[in-house]
Novice: 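Handing you this structure, nothing more for now.
Atoms within each ligand, like the ligands themselves, are counted from 1 in listed order. All values below were derived from every heavy atom in this structure, side-chain atoms included, with hydrogens, water molecules and symmetry-related copies excluded.
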Amino acid sequence: MVETAVQAKAADLIKAASFVVVLTGAGVSQESGVPTFRGKDGLWDKYDVTTLATLDAFIGDPEYVWKWYDYRRNLLTSVRPNEGHYALTRLEDWCSSHGKEFSLVTQNIDDLHRVAGSKRIYEIHGNIWQVKCLNACTNKIYEMRESPLGKIPPECPDCNGILRPNIVWFGEMLDPFVIHSVEADLLECDLLFTVGTSTTVYPAASFPLTIRSRGHPVIEINVEETEFTPLATLFIKGLSGHSLPGIVDLLS
Ligand code: OAD
């Protein structure tokens, strides 16, 4: 199918749905200049996950891990949302004005969906601008926008311990409140988009499988096929910053 025909089919599926959930991954921010994790020039090709994205690594050398996050935070200060992020905001608005439910589940920690104006967002892997105490002294989550950081590692204002990024590292549990809310939405969802994700990291990788197993459509948008593609109802091969606006334009 040529892209416009697939986009028209995607728009028809949105019109027929009552609860649309969109799952996004690093590919959505790629056109904003944020590197993805896997594939060509992916972060995990250049850096070792085990020394940067695990609790053990952080406890072993908080300064080293914080320097990496400080560097990534600094890069993000000059990054803006792209047409894909804005199209998802328009899709949310369109759904709410047409009596449909909508939620956005993102694995991204870069905050760009929020900056673009999306409202019902679940950041299942956390947010790079948030921090929390390593000792969990109060269980508070603080927003910390200072970039570059004046002091590394930053200090907890309550107990003077170390603050850590509010990011879910490998081997850690997702926030139970967040995942419970996502699961509740997935139970109601009758159309799922999976956009710019390799669908390799669980639990997010299971979401499209769950929706397909319930007999509902899943539309995948990606620049290349993934392991999930053979099961997708529609596969739209292309840049999310191009494909998503094209679909949303067809709704009005
Ligand atoms: P990946 O880097 O694994 O996958 C990015 C996907 O986006 C790939 O399938 C690309 O083909 C696709 N892609 C790249 N550019 C695109 C574009 N402009 N438009 C559409 N698709 C594009 O990123 P995620 O799937 O998000 O976790 O990775 C999941 C998790 O693994 C991340 O949240 C992170 C990482 O380790 C943590 O840090 C906990």
Side-chain angles (χ1 to χ4, degrees), residues 3 6-7 10 22-58 65 68-69 72-73 76 79-88 104-113 116 121-130 164-175 178-179 182 192-209 218-232 234-247:
E3 195 181 9
V6 203
Q7 285 172 318
V22 178
L23 168 69
T24 65
V28 165
S29 297
Q30 181 268 334
E31 289 155 81
S32 293
V34 183
T36 59
F37 292 94
R38 296 171 187 80
K40 192 175 156 286
D41 299 326
L43 284 174
W44 295 150
D45 264 2
K46 294 197 199 115
Y47 300 98
D48 178 3
V49 176
T50 55
T51 62
L52 291 164
T54 66
L55 182 60
D56 282 350
F58 186 75
V65 174
W68 192 62
Y69 281 100
R72 286 177 63 199
R73 283 161 57 102
L76 285 172
V79 160
R80 303 291 306 150
N82 63 56
E83 291 306 313
H85 295 104
Y86 289 117
L88 290 175
L104 176 58
V105 181
T106 187
Q107 299 164 89
N108 300 344
I109 58 172
D110 58 28
D111 211 31
L112 291 180
H113 286 302
I121 313 174
Y122 302 111
E123 293 171 312
I124 60 172
H125 290 167
N127 185 306
I128 200 163
W129 299 108
Q130 294 174 349
R164 57 163 283 180
N166 183 32
I167 287 171
V168 180
W169 284 322
F170 284 92
E172 292 191 304
M173 302 284 287
L174 271 56
D175 180 321
V178 173
I179 198 65
V182 170
L192 178 77
F193 277 82
T194 155
V195 189
T197 173
S198 55
T199 43
T200 46
V201 175
Y202 283 79
S206 69
F207 301 162
L209 300 171
V218 176
I219 301 171
E220 181 179 43
I221 300 177
N222 201 304
V223 287
E224 61 186 30
E225 293 195 5
T226 67
E227 277 181 29
F228 175 73
T229 307
L231 296 172
L234 272 186
F235 174 63
I236 303 179
K237 184 171 176 152
L239 300 168
S240 55
H242 173 80
S243 303
L244 283 169
I247 294 168

Novice: Would you check, one step at a time, whether the test salt bridge (Lys or Arg N to Asp or Glu O under 4.0 Å) holds for Arg164 with Glu172?
Specialist: CA-CA 13 Å; Arg164 57 163 283 180; Glu172 292 191 304; 2.8 Å; yes
Novice: Give me the ring orientation class for Tyr69 and Trp169: parallel if the planes are under 30° apart, tilted from 30 to 60°, perpendicular past 60°.
Specialist: tilted
Novice: Which ligand 1 atoms, with their elements, are less than 4.0 angstrom from a heavy-atom of Gly25?
Specialist: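 In order of numbering, the contacting atoms are 26 (O).
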Novice: Nearest to atom 16 (C) of ligand 1, what protein heavy atom do you find, and at what distance?
Specialist: Gly27 O, 3.4 Å
Novice: Indicate whether the side chain of Asn127 and that of Asp111 have a donor and an acceptor atom separated by less than 3.5 Å.
Specialist: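 A pair is found: one side chain offers a donor N or O, the other an acceptor, under 3.5 Å apart.
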Novice: Are any of the N/O atoms in Arg38 less than 3.5 Å from those in ligand 1?
Specialist: yes
Novice: Report yes or no: do Asn82 and Glu31 form a side-chain donor-acceptor pair below 3.5 Å?
Specialist: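 The answer is no; no qualifying pair exists.
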Novice: Who's the nearest protein heavy-atom neighbour of atom 33 (O) of ligand 1, and how far?
Specialist: His125 ND1, 2.8 Å
Novice: Take every heavy atom of Gly126, measure it against each atom of ligand 1, and state whether any distance is under 4.0 Å.
Specialist: no
Novice: Atom 11 (O) of ligand 1: which of Thr229, Asn222, Thr199 has the nearest heavy atom?
Specialist: Asn222
Novice: Against heavy atoms of Gly238, which atoms of ligand 1 measure under 4.0 Å?
Specialist: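 Heavy-atom distances to Gly238 below 4.0 Å select 19 (N), 20 (C).
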Novice: Tell me which protein heavy atom sits closest to atom 29 (C) of ligand 1, plus the residue, atom name and distance to 0.1 Å.
Specialist: Gln107 OE1, 3.3 Å
Novice: Can you pull out the closest protein heavy atom to atom 5 (C) of ligand 1? Residue, atom name and distance to 0.1 Å, please.
Specialist: Gly196 O, 3.7 Å
Novice: Number the atoms of ligand 1 from 1 as they appear, then name those within less than 4.0 Å of a heavy atom of Thr197, with their elements.
Specialist: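 Contacts of ligand 1 toward Thr197, numbered from 1: 6 (C), 7 (O), 9 (O), 24 (P), 25 (O).
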Novice: Tell me whether Phe170 reaches ligand 1 (any heavy atom closer than 4.0 angstrom to a ligand atom).
Specialist: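 Flag set, Phe170 near ligand 1.
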Novice: Report, in ascending order of atom number, the atoms of ligand 1 lying under 4.0 Å from any heavy atom of Glu31.
Specialist: 17 (C), 18 (N), 19 (N)
